[in-house]
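A quick write-up on the structure given underneath.
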Amino acid sequence: MRLDVVTIFPEYLEPLNVSLVGKARAAGTLDVHVHDLRAWAHDRHSTVDDTPYGGGPGMVMKTGPWGEALDQVLADGYEAGAGRPALVVPTPSGRPFTQALAVDLSRAPWLIFTPARYEGIDSRVTAEYATRLPVHEVSIGDYVLAGGEAAVLVVTEAVARLLPGVLGNAQSHADDSFAPGPMADLLEGPVYTKPPRWRGHGVPEVLLSGHHGKVARWRRDEALRRTAALRPDLIARADPAAFDRRDREMLSILGWQPGPDGRFGPSPDAVEE
Ligand code: JEK
């Protein structure tokens with residue numbers, strides 16, 4: 001997969017040389033190109049921003065440098081035979097970035113990221129490239145960052161670990177997006193490793209029991225408990241067919257019951273824990 005990133009802070013993308021993404025790069029699975037947008041700003045001050053039409057606070061990134069940069073990046077990538085590009089535009093007003101989109105993007109041969117600063121990029125830039133390529137305007141969460149670079153790191157890490165050969169351990173995928181099973185829709189419960197006792201804290205007996213069936217049930221119960229407490233929205237939106245008899249018992253204990261449509265909601269008199 002080829003990745004291009006156009007930014008006014010190329011050094012912000014240094015973490016792409018580290019860890020999983022860095023290894024994927026070294027192994028040739030990822031071919032990363034980071035570009036300084038100011039290379040396409042031609043005035044004495046390398047200006048990339050201007051005041052917003054209609055007034056208001058802050059500055060907006062200009063069409064000119066972005067258009068020239070993206071034209072050049074596209075020409076270079078096509079020249080190198082990179083395949084069909086998709087543009088990924090981090091923005092606080094984007095579609096929520098999800099694991100499903102990460103899986104989708106991991107199947108593309110070439111991603112071009114446009115992390116902005118200031119109040120974002122003049123909208124005509126995405127409008128223009130959307131006539132030629134798939135454009136994904138994404139937000140990594142409901143908080144306001146100072147720019148899109150951190151979002152590029154987040155999206156890249158989520159995508160890179162899905163690339164064939166990157167994790168090394170095929171099973172590592174089985175827990176999340178690739179598995180049709182339970183962990184796709186629930187938070188995971190707690191995990192433990194040696195030693196069996198640490199500063200007075202033990203490990204739940206069942207995990208030391210060697211009883212695989214009981215371990216699986218315990219993990220499932222903990223996943224339900226944690227999800228009900230921290231992400232009740234995931235329980236409420238889950239397909240009720242995903243809950244077996246034991247799940248339903250656990251959910252009942254946790255104060256959840258099926259409604260008229262079969263989906264689970266909090267029991268009317270449930271006490272929050
Ligand atoms: C890209 C510039 C900073 C800050 C205006 C927006 C409502 C008005 C732009 N999950 C995410 N949060 N933030 C970003 C993100 C932020 C960015 C850019 C991504 C480029 N900024 C900025 C404020 C505003 N406000 C919120 C009130 C616009 C992001 C992602 N992905």
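Note: hydrogens, waters and symmetry copies are ignored here, and every other heavy atom, side chains too, is used. We count ligands from 1, going down the list as the structure has it; atoms in each ligand are counted the same way. Residues: numbered from 1 along the sequence shown.
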Output the list of atoms in ligand 1 that are nearer than 4.0 Å to some heavy atom of [X], sorted by atom number.
X	value
Y143	10 (N), 11 (C), 12 (N), 13 (N)
A151	31 (N)
A116	2 (C), 20 (C)
A146	3 (C), 21 (N)

Hydrophobic clusters here meaning ILVMFWY residues chained together by side-chain heavy-atom distances under 4.5 Å, can you tell me if V154 and V166 are in one?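 Yes, it is one cluster - the side chains of V154 and V166 are joined through contacts under 4.5 Å.
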Pair [X] + [Y], salt bridge at N-O below 4.0 Å:
X	Y	value
E188	R219	no
D244	R217	yes
D247	R220	yes

When you measure from atom 15 (C) of ligand 1 to the protein, is at least one non-hydrogen atom found at a distance under 4.0 Å?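 Protein heavy atoms within 4.0 Å of atom 15 (C) of ligand 1 - there is at least one.
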At under 4.0 Å between heavy atoms, is it the side chain or the backbone of V138 that contacts ligand 1, or both, or neither?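 Contact part for V138 vs ligand 1: backbone (N, CA, C, O).
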Would you mind telling me if ligand 1 is within reach of the side chain of P115, the backbone, both or neither, using heavy atoms under 4.0 Å?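 Neither; no heavy atom under 4.0 Å.
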Of all the non-hydrogen atoms in the protein, which one sits nearest to [atom], and at what distance?
atom	value
atom 6 (C) of ligand 1	P92 CG, 3.9 Å
atom 13 (N) of ligand 1	L145 N, 3.0 Å
atom 1 (C) of ligand 1	P90 O, 3.2 Å
atom 2 (C) of ligand 1	Y118 O, 3.2 Å
atom 17 (C) of ligand 1	G147 CA, 3.7 Å

Quick one: do the [X] and [Y] side chains pair a donor with an acceptor below 3.5 Å?
X	Y	result
H35	Q72	no
D122	W66	no
D71	Y129	yes

Taking both backbone and side-chain atoms of G120, is any N or O found less than 3.5 Å from an N or O belonging to ligand 1?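 There is no such contact.
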Would one find an N or O of G141, backbone or side chain, under 3.5 Å from an N or O of ligand 1?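 Yes, at least one N or O pair falls under 3.5 Å.
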Would you call G94 a ligand 1 contact, heavy-atom distance under 4.0 Å?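 Flag not set, G94 not near ligand 1.
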Distance, nearest 0.5 Å, that separates CD of E137 from CZ of R95: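 With rounding to 0.5 Å, CD (E137) is 10.0 Å from CZ (R95).
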Option with minimal heavy-atom separation from atom 26 (C) of ligand 1, where the choices are V144, T114, V88: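 Among V144, T114, V88, the closest heavy atom to atom 26 (C) of ligand 1 belongs to V144.
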Relative to atom 28 (C) of ligand 1, which among E137, M61, E119, R117 owns the nearest non-hydrogen atom?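 Closest candidate by heavy-atom distance is E119.
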Is it true that atom CZ of R246 has more than 12 heavy atoms of other residues, nucleotides or ligands lying nearer than 6.0 Å?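 Result for CZ/R246: open.
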Do any N or O atoms from the side chain of T47 and from the backbone of D49 form a donor-acceptor pair under 3.5 angstrom?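 Pair absent, no side-chain N/O of T47 close to backbone of D49.
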Salt bridge (charged side-chain N to carboxylate O under 4.0 Å, His left out) evaluation trace for R226 with E222: CA-CA 6 Å; R226 194 168 174 83; E222 292 305 307; over 6 Å; no
